Amino acid sequence: MKNFCMVVLGSVIVGLGYNFFLIPNKILSSGLSGIAIMLGLITPINTGVLNFVLNLPLLIVAIFKLGNKFVFYTITSVVVLSVSLYVIPVIQLSTEPILSSLFGGVLTGLGIGIIFKASGSSGGFDIIAMLLAKNKDFPLGSILSALNGIVVIISGFVFNWDAALNTLVAIYTTGKVIDTVHTNHIKLTLMIITNKGNEMKSKLLQSVYRGITIMDGEGAYSGESRKVLLTVITRYQLTDVKKLIKEVDENAFVNITETTEVMGSFHRN
């Protein structure tokens, strides 16, 4: 219930950022939402309706291909964001494009960061990236950057290149705020030191689609034997994995580090 409320709150915050700062100044956001904003500006159709329609085919595919809690929270986010864009009035709080890009980016990043902490996403390009990475293990960050680059270029041709540069500022700001609120690292390495190694292994293998390496360890001060579990996960799994670890051993020592690159088998057969 807590995660559901966080997804709703984060989605409403994103809607506020769009309708108060980005849309009134013809600034696009990242992802399919940015395309929805563009179409909403050049057509009489509401941005909220467009956002839902554009995401609907991806959500249907994700249900069959990804089918987990991530998809449920993502569907919730898309629905709440689309309703927010439809209900919240479009008010131009600032006529300065740079300020609007920055504040719109901050609100959007804050909202998406909250959604990520609840193990969801705001839909759009995140779903495309997840589907591609699931099958080919493509680098999600590179995929998202390339897709967002397309949005910036489209903005330049449809509106003007000042709008494109402001869109770039908004997307960059959004990414930095997400990094602060949650984590923008696509792959993370977890080193878990616990005296409940077998229980921890069983719990993680049941819930996480990743391989795990187990090593024997010994406390330097206590001399007690412990198990050291090593695994690599995606950013979308971090919240769930931390919860699982606490359920098994709330005293476990966990070191979480950014992983630049993974070679070999990343997925567990």
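Quantities reported herein were computed from a predicted structural model and do not represent experimental measurements. We're numbering straight along the sequence, starting at 1.
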same_hphob_cluster(M215, L204) at 4.5 Å side-chain heavy-atom cutoff | no
Output the distance between atom CG (L244) and atom CG (D249), rounded to the nearest 0.5 Å.
-> 13.0 Å
Under 3.5 Å: donor-acceptor pair, side chain of S82, backbone of V78 = yes
Would you say the side chain of V241 lies within less than 4.5 Å of the side chain of L190, judging by non-hydrogen atoms?
-> yes
Taking atom types as modelled and ignoring hydrogens, do the side chains of N25 and Q92 form a donor-acceptor contact shorter than 3.5 angstrom?
-> yes
Least distance between heavy atoms, L99 atom then S94 atom = CB-OG, 3.9 Å
Minimal non-hydrogen separation, A118 against N3, with atom names = CB-O, 3.5 Å
Using atom types as modelled and distance alone, determine if a side-chain donor or acceptor of S11 lies under 3.5 Å from a backbone N or O of V7.
-> yes
L229/T213 under side-chain contact (heavy atoms from CB on, under 4.5 Å): CA gap, chis, key distance, verdict = CA-CA 6 Å; L229 288 78; T213 298; over 6 Å; no
Is L107 close to V14 at the side-chain level, that is, under 4.5 Å between some pair of heavy atoms?
-> no
Joint hydrophobic cluster, L59 plus I112, side-chain heavy atoms closer than 4.5 Å | yes
Consider only side-chain heavy atoms of I, L, V, M, F, W and Y, link residues closer than 4.5 Å, and tell whether L205 and M191 are in one cluster.
-> no
Could you check if a side-chain atom of L50 sits within less than 4.5 angstrom of a side-chain atom of I35, using non-hydrogen atoms only?
-> no
Can you see which heavy atom on S100 is nearest to which on I27, and at what distance?
-> CB-CD1, 4.0 Å
Drop me the distance from I212's CD1 to M200's CE, to the nearest 0.5 angstrom.
-> 9.5 Å
To the nearest 0.5 Å, how far apart are CE in M38 and OG1 in T47?
-> 11.0 Å
Just by modelled atom types, is the A252 backbone N or O under 3.5 Å from a matching donor or acceptor in the T194 side chain?
-> no
Where do V12 and I88 come nearest, in terms of heavy atoms and distance?
-> O-CD1, 4.3 Å
Does atom CD of E250 have more than 12 heavy-atom neighbours from other groups under 6.0 Å away?
-> no
How long is the gap from CH2 on W161 to CG on N166, to the nearest 0.5 Å?
-> 13.0 Å
With rounding to the nearest 0.5 Å, note down the distance linking OG1 in T231 to CD1 in I233.
-> 7.0 Å
Can you list the steps and then say if V158 with I42 is a side-chain contact (heavy atoms from CB on, under 4.5 Å)?
-> CA-CA 9 Å; V158 173; I42 62 178; 4.1 Å; yes
When clusters are formed by joining ILVMFWY residues with side-chain heavy atoms under 4.5 Å apart, either directly or through shared neighbours, do L9 and L110 land in the same one?
-> yes
Nearest heavy-atom neighbours spanning R226 and I193 = CD-CG2, 3.7 Å
Apply the side-chain contact (heavy atoms from CB on, under 4.5 Å) test between F157 and each candidate in I154, I153, N160; give the one that qualifies.
-> I153
Chi angles and distances behind the side-chain contact (heavy atoms from CB on, under 4.5 Å) call for N195, K227 | CA-CA 6 Å; N195 55 11; K227 291 294 184 182; over 6 Å; no
Does N19 use its side chain to pair, donor to acceptor, with the backbone of L85 at less than 3.5 Å?
-> yes
With the side chain counted from C-beta on, respond yes when E218 and E224 share a heavy-atom pair under 4.5 Å apart, and no when they do not.
-> no
Please name the pair of heavy atoms, one in L22 and one in A170, separated by the smallest distance, quoted to 0.1 Å.
-> CD2-CB, 4.1 Å
Kindly indicate, with the supporting measurements, whether the criterion side-chain contact (heavy atoms from CB on, under 4.5 Å) is fulfilled by V106 and F21.
-> CA-CA 10 Å; V106 167; F21 293 102; over 6 Å; no
Below 4.5 Å, heavy atoms only, C-beta onward: do K246 and K242 meet side chain to side chain?
-> no
Flag for T108-T174: side-chain donor and acceptor within less than 3.5 Å | no
Would you say F52 and L81 make side-chain contact, with heavy atoms under 4.5 Å?
-> no
Look up atom CG in L54 and atom CG in L39, then write down how far apart they are to the nearest 0.5 Å.
-> 6.5 Å
Around Y172, counting heavy atoms of other residues, nucleotides and ligands shown, do more than 12 lie under 6.0 Å from its OH?
-> no
Side chain proximity check, F4 to F72, heavy atoms < 4.5 angstrom | yes
Polar side-chain atom of T167 near backbone of V152 as donor-acceptor pair, under 3.5 Å = no
Verify the distance criterion only: is there a donor paired with an acceptor across the side chains of S29 and Y18 at less than 3.5 Å?
-> yes
Between V53 and I23, is there a shared hydrophobic cluster once you connect ILVMFWY residues whose side-chain heavy atoms come closer than 4.5 Å?
-> yes
